[in-house]
Amino acid sequence: MIAPEEERRVQDAARRHARARVFAEAEDVISALLSDPGVQEARERVEAAQTELGMELCARLQPFQDRYDQAVAEGDAARFTEVCASKHGRWGRICVLPGGHETSMEEPHWGRNSEGRPIAWGSSAPDDW
């Protein structure tokens, strides 16, 4: 007979193993999907359109980037609470517009990409690719 504590420990270990296995399988499927040439081409077209739109909006929205940069330089945490919560670290994007801008300003998310170029995006989660 197994003690209840030992049984719980074994069940927890089995759950962790099963979860790790499912995540590993999911990563394999996602990697295979993302390596498909058609998916890569679509991704490149989307990124090109987002970069083009980002450049078009730059003159009008640059003051928001300037305020964001100033808040970073000054460590002004209070100002960050006013910024849109759309942040996509995996893609190197932080929306610098005010929270709620999608409806109040009718603007897409806008900021700079990881290379420092203006970029605009409409979805709230490009990490879902």
Side-chain angles (χ1 to χ4, degrees):
M1 181 176 221
I2 299 176
E5 186 176 310
E6 179 68 14
E7 186 175 335
R8 193 171 340 119
R9 188 183 68 75
V10 170
Q11 288 175 349
D12 288 347
R15 275 193 292 274
R16 284 191 306 272
H17 175 73
R19 183 179 175 166
R21 192 168 139 236
V22 167
F23 277 111
E25 289 175 9
E27 286 179 8
D28 290 345
V29 169
I30 291 168
S31 293
L33 180 65
L34 292 177
S35 67
D36 178 85
V39 171
Q40 289 178 353
E41 181 183 336
R43 189 174 174 178
E44 289 169 5
R45 287 195 316 257
V46 167
E47 183 134 352
Q50 291 173 337
T51 300
E52 182 179 338
L53 181 57
M55 291 298 292
E56 289 174 13
L57 297 172
C58 189
R60 189 169 72 242
L61 300 178
Q62 183 61 41
F64 294 99
Q65 180 70 50
D66 296 342
R67 282 193 286 269
Y68 180 86
D69 292 343
Q70 183 178 3
V72 169
E74 296 173 356
D76 186 352
R79 196 174 309 171
F80 293 126
T81 63
E82 302 167 2
V83 176
C84 176
S86 183
K87 294 159 179 56
H88 308 294
R90 176 177 170 193
W91 292 69
R93 300 174 181 182
I94 297 174
C95 182
V96 298
L97 300 180
H101 65 85
E102 301 98 318
T103 54
S104 66
M105 297 172 61
E106 297 183 4
E107 295 286 1
H109 298 292
W110 186 86
R112 302 230 175 240
N113 65 15
S114 59
E115 292 138 5
R117 292 191 313 253
I119 191 157
W121 65 101
S123 69
S124 61
D127 285 341
D128 286 349
W129 277 41

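The two residues C84 and H101 have their closest heavy-atom pair at SG-NE2, 3.5 Å. For the residue pair P108 and L57, the shortest heavy atom distance occurs at CG-CD1, 3.8 Å. Annotation for R79 and R67: closest pair NH1-O, 3.1 Å, computed over non-hydrogen atoms.
Note on residues 16-28: pairs passing side-chain hydrogen bond (donor to acceptor under 3.5 Å, both in side chains), not counting sequence neighbours, are R21-E25.
For the atom pair CH2 (W110) and CG (L61), the distance works out to 5.5 Å, reported to the nearest 0.5 Å. Between atom CD of residue Q40 and atom CZ of residue R45 there is a gap of 12.5 Å, rounded to the nearest 0.5 Å. The distance from atom CG of L53 to atom NE2 of H109, rounded to the nearest 0.5 Å, is 12.0 Å. Distance check: W121 CH2 to N113 CG gives 9.5 Å after rounding to the nearest 0.5 Å. Distance check: R9 CZ to E6 CD gives 4.0 Å after rounding to the nearest 0.5 Å. Of the inter-residue distances, the one linking E44 atom CD with T51 atom OG1 reads 11.5 Å to the nearest 0.5 angstrom.
Using a cutoff of 4.0 Å between basic side-chain nitrogens and carboxylate oxygens, R8 and E5 are not scored as salt-bridged. At a threshold of 4.0 Å, the pair R15-D12 counts as salt-bridged, since one of the basic side-chain nitrogens sits closer than that to a carboxylate oxygen.
Exactly one of Q65, R117, R112 qualifies for a side chain to side chain contact (heavy atoms under 4.5 Å, CB included) with C58. That residue is R112. Partner of Y68 under the side chain to side chain contact (heavy atoms under 4.5 Å, CB included) criterion, out of L97, D76, V96: V96 alone.
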Q: Applying side-chain contact (heavy atoms from CB on, under 4.5 Å), run through Q50 and R93 and close with a yes or a no.
A: CA-CA 12 Å; Q50 291 173 337; R93 300 174 181 182; 2.8 Å; yes
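Contact annotation: the side chain of P118 approaches that of M55 to within less than 4.5 Å [non-hydrogen atoms, C-beta and beyond].
When the shell of 6.0 Å around CD of E74 is examined, it contains more than 12 heavy atoms from other residues, nucleotides or ligands.
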